[in-house]
Structures are given as structure tokens and as C-alpha cells.
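Each ligand, and each atom within it, is numbered from 1 in the order the structure gives.
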Amino acid sequence: MAEEKIVEVLMVSLPLQGHLNPMLNLGKRLVSKGVHVTLATTEEGRHRMKQNLQNSEVQFEFFSDGLSLDFDRSNNTDAYINSLNVEGSKNLSTLLTSLTKVHNYSCVIVNPFVLFAFDVITDHGIPCAMLWIQASALYSIYYRYYKNIDSFPNLEDPDEKVHLPPFPVFDVRDLPSFMLPSSPRLFRVYMNDLFQAVDKLKWVLGTSFYEIEDEIVKSMDSLKPIYPIGPSVSPFLLGEKKTNEFRADLWDSEDSCIEWLDNKPPSSVIYISFGSITVFSQKQMNNLATALKNSNKSFLWVIRPHAYNNSNASELPLQFLEETKGRGLVVQWSHQDKVLMHPSVACFISHCGWNSTMEAMVTGVPVICYPEWTDQRTNAMLIENVFKNGVNLKCDEDRVASTEEIERCIREVMEGPSALKIKKRAIEIKKSAKKSLQEGGTSNQNLDKFVNEFIFANTV
Ligand code: UDP
């Protein structure tokens with residue numbers, strides 16, 4: 001009897017929460033389609049991931065980024081990127097050499113933030129695909145800018161208008177921050193290099209879904225197409241009730257907050273989280289705390305421990321916890337999927353990282369956008385003006401929203417006719433997101449196309 005071929009794929013990612021989660025989610029879906037998946041990340045990730053790696057259906061492999069484990073990567077981006085380019089690529093190449101002695105990879109799937117890996121993979125003669133882990137809108141904007149497809153206004157002036165059909169007209173300040181002159185040169189150079197390299201990739205998948213960005217996706221067909229396979233969220237969020245699903249969490253989640261939510265009335269709690277990187281200034285923290293206090297609503301607020309990314313750590317105002325006792329809970333890290341699925345949650349004050357944005361979509365939770373940098377401001381603009389499942393806080397030039405503005409947005413999303421309208425739209429998006437992932441849905445079809453025309457076709 002002929003032996004059945006094992007179809008194998010390798011993925012490469014940095015150990016950042018917003019990168020690992022969508023890579024792992026895609027990995028799990030490929031496993032469910034009969035593909036054997038290995039995810040390679042750096043040694044730092046091995047030491048930071050909290051769950052037992054043996055319990056994961058996706059296998060893990062590690063390589064060194066060339067820096068010691070206690071090196072402060074978040075505050076030394078230059079040194080981190082340099083080390084990845086020089087040492088990281090050498091170590092990844094060594095790992096690939098040893099893995100390919102026993103594995104036959106049909107392709108390697110990278111994300112946009114491991115540019116150093118692109119050439120290593122090509123040099124090993126393995127086809128390379130990319131999972132674009134932001135909205136397709138961002139892919140389109142960057143591509144059009146760095147490949148000189150469309151003309152852009154003067155990026156020095158945040159009030160200038162960007163005319164880029166099919167987008168509604170928007171302000172320069174809402175472009176991805178990595179494009180703007182106000183960003184460190186390093187980021188602009190990186191994005192430029194990335195988009196010069198994108199054309200060499202064999203396939204670009206996206207974590208978004210077609211229905212939410214149809215015109216944008218179509219507009220890329222004649223340039224470098226993107227195939228959305230999302231929303232790329234965990235199987236748990238899609239209703240798969242596995243008790244011990246493997247998560248690549250870099251912090252321990254405080255599950256007591258779920259019991260706390262159990263005791264709150266339906267649609268009564270504001271959930272607040274700013275993801276895994278963003279650090280609030282003291283002014284931002286004070287205004288948000290005062291707005292939450294004044295709102296008289298219940299809230300669950302994630303404030304990450306200061307041990308990581310501690311340079312600008314800010315503190316909750318004195319007395320805040322005492323003054324909001326009984327209706328407010330602060331935790332260091334949550335099982336965000338469980339929180340967003342909880343019926344007591346009414347809305348989500350979010351930094352609009354793309355994973356959090358998709359998670360809010362799949363659960364039908366309206367968003368109050370408090371974006372900071374990278375793709376977040378563009379996502380917030382899309383949420384308010386295109387998706388219409390939330391509102392965008394107006395901030396000053398230091399990205400501080402006033403107490404009154406936060407209170408206004410809480411009212412808009414939780415009370416009266418505006419709240420009903422936003423919730424209705426959030427539920428429509430939830431339905432369409434789930435449909436796209438079902439049998440025959442657009443995302444499921446794209447993933448099958450990728451598996452059949454790329455992964456299986458490259459299996460020798
Ligand atoms: N997350 C979580 N618990 C928290 C806060 C965040 O599990 O308390 C997860 C969240 O569900 C999301 C990821 O961390 O999948 C953050 O990714 P996102 O793109 O939203 O933001 P980033 O951290 O990259 O800025």
C-alpha cells in the first residue's frame with residue numbers, strides 16, 4: 001500500500017503577542033486541514049510563553065535572535081532589528097538546515113515583521129508565503145505608497161486629506177504611523193524594504209475577511225493580490241469548546257475576572273485593554289480613570305505588569321480602586337476571548353490592534369477606539385467611518401483624550417439610539433465574519449485555494 005504523504009509547513013514569527021496569535025490561529029486551521037505545522041520563533045518566546053508547549057497541536061522550534069534573554073528589546077528597537085538581521089538570520093538558517101534534514105516543507109509562511117527571514121527561506125529553496133497580520137486596508141495603503149502607485153499628500157501635515165478610493169477621504173494623521181515623518185526613520189526604511197520584497201513572495205494571505213473590505217481587496221487584484229482568510233481568531237472564539245486550547249500567552253491570565261463578570265448584568269460592563277505593547281502616559285491614565293469613575297458603569301480594565309516595557313509606566317490615581325470598588329476590576333492580563341464572549345460585556349475601549357479589532361468583530365462587541373501608533377489609527381478610522389461598529393475618541397496632539405470626550409463616547413456606545421445603531425451593525429459584522437469562515441464562505445474558500453494550489457502543489 002502506498003504510504004500517505006505528510007504535508008508540512010513551517011511558520012516564522014517574532015514572539016510578540018499580536019504576531020504569535022494570528023500565526024498560531026492560521027496554524028491550527030491548517031492542522032485541521034491535514035497539514036503538519038511547525039512555528040519557529042526566537043528563544044525569547046520559548047522563555048515567555050506561559051502554556052506548556054507540549055499541549056499545542058502546532059509544533060514549536062526556536063532560534064536565537066542573538067541577544068541575551070534579559071536584553072530590553074522594546075526600548076532598543078535599533079539594536080534588536082540589527083541583531084535579527086545579522087545573528088537572527090544566521091541562526092534561522094542553521095535551524096532550517098537541521099529541520100530540512102528530517103522535514104519536507106512545502107512552504108514557509110512568514111509575517112511582515114520577519115523580513116530578515118525572507119532571503120534565508122528563499123536561499124534554502126523553499127517557497128515563501130506571507131500572512132499579512134493587519135487589515136487589508138493597510139496592505140493596500142503601504143503598497144500604493146511604497147510602490148508609487150498613487151499620489152499622496154504632504155505627509156508632514158497631519159491635517160492634509162488623503163484621497164485614495166475606495167477609502168473615504170481621511171486625514172494624514174490616520175495613515176499608518178510607520179509611514180509618517182514623525183515616526184523613527186528605522187520604521188519607514190523597514191516598511192519600504194518590506195514592500196520592495198513583497199513582490200518576490202509567492203502568495204499573500206490576509207487575516208481580515210473579504211466582506212468587510214471587499215473593494216479594498218478587489219483593488220489589489222491587479223497589483224499584488226491579497227487573499228483574506230480571516231477573521232483570524234482562535235477556534236475558541238468561533239465556538240469550538242475545547243477545554244484546554246493552547247494559547248501563546250506571554251502573561252498569565254487572571255481568570256477570576258470571568259467569575260466577576262458572571263455576577264454582572266447582561267451588557268453592563270466596559271472592557272478596557274490596550275494590547276501587549278502600548279504604554280499609557282500618566283495623563284491618559286488619569287483621564288480614563290476619571291471618566292470611568294464618573295460614568296458609574298462597571299468596568300474590567302487590563303493594565304499589564306510593569307515588568308515589561310516599563311520605561312513610561314504610569315500609575316492609577318490614588319483612591320481610584322477604592323472609589324470604584326464593587327463596580328471596577330483591574331487585572332494584569334485577561335483571557336480576552338473569554339471576556340469578549342461574555343454576555344455581561346457591553347463595549348470595548350481598545351487601542352485597536354488588529355487582533356483585538358477582529359476579536360471584537362467576531363463577538364459583536366462595539367468598540368471605543370483609543371489608538372496610538374502603527375496601524376491602530378487607520379483601524380480606528382475604519383471602525384468609525386467604514387465598518388461603523390464603534391466610535392473614535394478625539395484626542396489632542398499628545399494622543400490624550402479628555403475626560404469629557406471619553407464620557408461622551410461611553411454614552412454614545414452604551415445609551416440611546418446611537419448605541420442601538422452601533423450594536424446592530426456590530427451584530428451584522430459578527431454574522432458576516434462567521435459566515436466567511438464556514439464551508440463555502442469566502443475566507444474558507446481562500447484558505448482551501450491556498451492549501452490545494454500552493455501547499456499541496458509544492459509537496460514533493
Ligand atoms: N490579549 C489577551 N489578554 C489581554 C490583552 C490582550 O489575551 O489582557 C490578546 C488579544 O486577545 C489579542 C492580542 O493579545 O489577540 C493583542 O493583539 P493586538 O493586535 O490587539 O494588539 P498588540 O498587542 O499587537 O498591540
Side-chain angles (χ1 to χ4, degrees), residues 13-28 41 45 48-51 73-74 77 111-113 131-135 137-138 176-178 187 206-208 230-238 245-258 260-261 269-280 299-309 329-342 345 348-363 365 367-380 382-383 390 399:
S13 176
L14 293 182
L16 292 165
Q17 198 71 71
H19 301 189
L20 286 174
N21 288 7
M23 297 297 275
L24 188 62
N25 291 333
L26 172 59
K28 288 175 183 174
T41 188
R48 290 194 58 211
M49 276 189 268
K50 296 293 178 190
Q51 280 199 15
R73 290 160 178 79
S74 49
T77 320
N111 68 46
F113 303 101
L131 177 66
W132 178 256
I133 56 174
Q134 298 181 346
L138 275 287
S177 70
F178 286 0
F187 293 132
T207 51
S208 184
S232 185
V233 294
S234 73
F236 174 82
L237 215 46
L238 298 168
E245 183 180 325
F246 178 81
R247 288 165 57 86
D249 279 9
L250 304 176
W251 290 270
D252 284 316
S253 59
E254 290 184 48
D255 288 343
S256 55
C257 67
I258 306 298
W260 183 87
L261 284 172
V269 178
I270 305 170
Y271 172 58
I272 306 124
S273 163
F274 297 94
S276 62
I277 297 172
T278 302
V279 179
F280 251 20
F299 62 87
L300 169 61
W301 188 351
V302 178
I303 304 181
R304 285 191 327 278
H306 294 162
Y308 187 69
N309 229 331
L329 182 67
V330 173
V331 295
Q332 298 198 334
W333 190 251
S334 76
H335 187 309
Q336 183 158 299
D337 291 352
K338 283 190 189 163
V339 170
L340 288 173
M341 275 177 95
H342 201 286
V345 170
F348 181 10
I349 302 186
S350 169
H351 70 312
C352 300
W354 184 239
N355 294 293
S356 295
T357 302
M358 287 187 295
E359 288 153 7
M361 283 184 186
V362 167
T363 48
V365 175
V367 184
I368 297 175
C369 309
Y370 203 157
E372 279 280 309
W373 69 322
T374 174
D375 57 334
Q376 297 159 12
R377 293 183 70 161
T378 320
N379 295 341
L382 292 168
I383 287 171
R399 300 300 310 143

Could you tell me if T278 and Y370 have a donor-acceptor pair between their side chains, going purely by distance under 3.5 Å? no

Check for a donor-acceptor pair, side chain of R377 on one end and backbone N or O of C352 on the other, with a separation under 3.5 Å. no

Derivation and outcome, side-chain contact (heavy atoms from CB on, under 4.5 Å), residues Q336 and F348: CA-CA 11 Å; Q336 183 158 299; F348 181 10; 3.8 Å; yes

Where is the nearest protein heavy atom to atom 11 (O) of ligand 1: which residue, which atom, and how far? E359 OE1, 2.6 Å

Plane angle bin for F113 and H19 - parallel if under 30°, tilted between 30 and 60°, otherwise perpendicular: parallel

Proximity to ligand 1 by part of N355, non-hydrogen separation under 4.0 Å: both

When the ring centroid of Y271 is compared with that of H342, is the distance short of 6.0 Å? no

Among all protein non-hydrogen atoms, which one is nearest to atom 2 (C) of ligand 1, and what is the separation to 0.1 Å? W333 CZ2, 3.2 Å

Show your reasoning for whether side-chain contact (heavy atoms from CB on, under 4.5 Å) applies to V339 and C257. CA-CA 8 Å; V339 170; C257 67; 4.2 Å; yes

Q336 N/O under 3.5 Å from ligand 1 N/O: yes

Mind checking the CG-CD1 spacing from N355 to I133? Nearest 0.5 Å is all I need. 7.0 Å

Got an N/O contact under 3.5 Å between S334 and ligand 1? yes

Checking a contact table here: which protein heavy atom is nearest atom 14 (O) of ligand 1, and how many Å away? Q17 CG, 3.4 Å

Which atoms of ligand 1 are found less than 4.0 Å from any heavy atom of G353? 18 (P), 19 (O), 20 (O), 21 (O)

What residue and heavy atom of the protein are closest to atom 23 (O) of ligand 1, and at what distance? S276 OG, 2.4 Å

When you compare the side chains of Q17 and N21, does any donor N or O come within less than 3.5 Å of an acceptor on the partner? yes

side-chain hydrogen bond (donor to acceptor under 3.5 Å, both in side chains), paired with W354, selected from T207, T378, N379: T207

S273 neighbourhood, listing ligand 1 atoms whose heavy-atom distance to it stays under 4.0 Å: 5 (C)

So, does T278 sit close enough to ligand 1 that a heavy atom of it is under 4.0 Å from the ligand? no

As an exercise, identify every atom of ligand 1 less than 4.0 angstrom from a heavy atom of G275. 23 (O)

For the pair F274 and F280, name the ring-plane relationship: parallel under 30°, tilted 30 to 60°, perpendicular over 60°. tilted

May I ask you to decide if T374's main-chain N or O and S177's side chain share a donor-acceptor pair within less than 3.5 Å? yes

Tell me whether ligand 1 is touched by H351 - counting only heavy atoms on the residue side and a distance under 4.0 Å. yes

Sub-4.0 Å heavy-atom approach of R247 to ligand 1: yes

Where ligand 1 meets W354 - atom numbers and elements under 4.0 angstrom, heavy-atom basis: 19 (O)

Any N or O of N21 closer than 3.5 Å to N or O of ligand 1: yes

How close does the nearest protein non-hydrogen atom get to atom 20 (O) of ligand 1, and which residue and atom is it? S356 OG, 2.6 Å

Short N or O distance, D249 and ligand 1, threshold 3.5 Å exclusive: no

Nearest protein heavy atom to atom 24 (O) of ligand 1, by residue and atom, and its distance? G18 CA, 3.4 Å

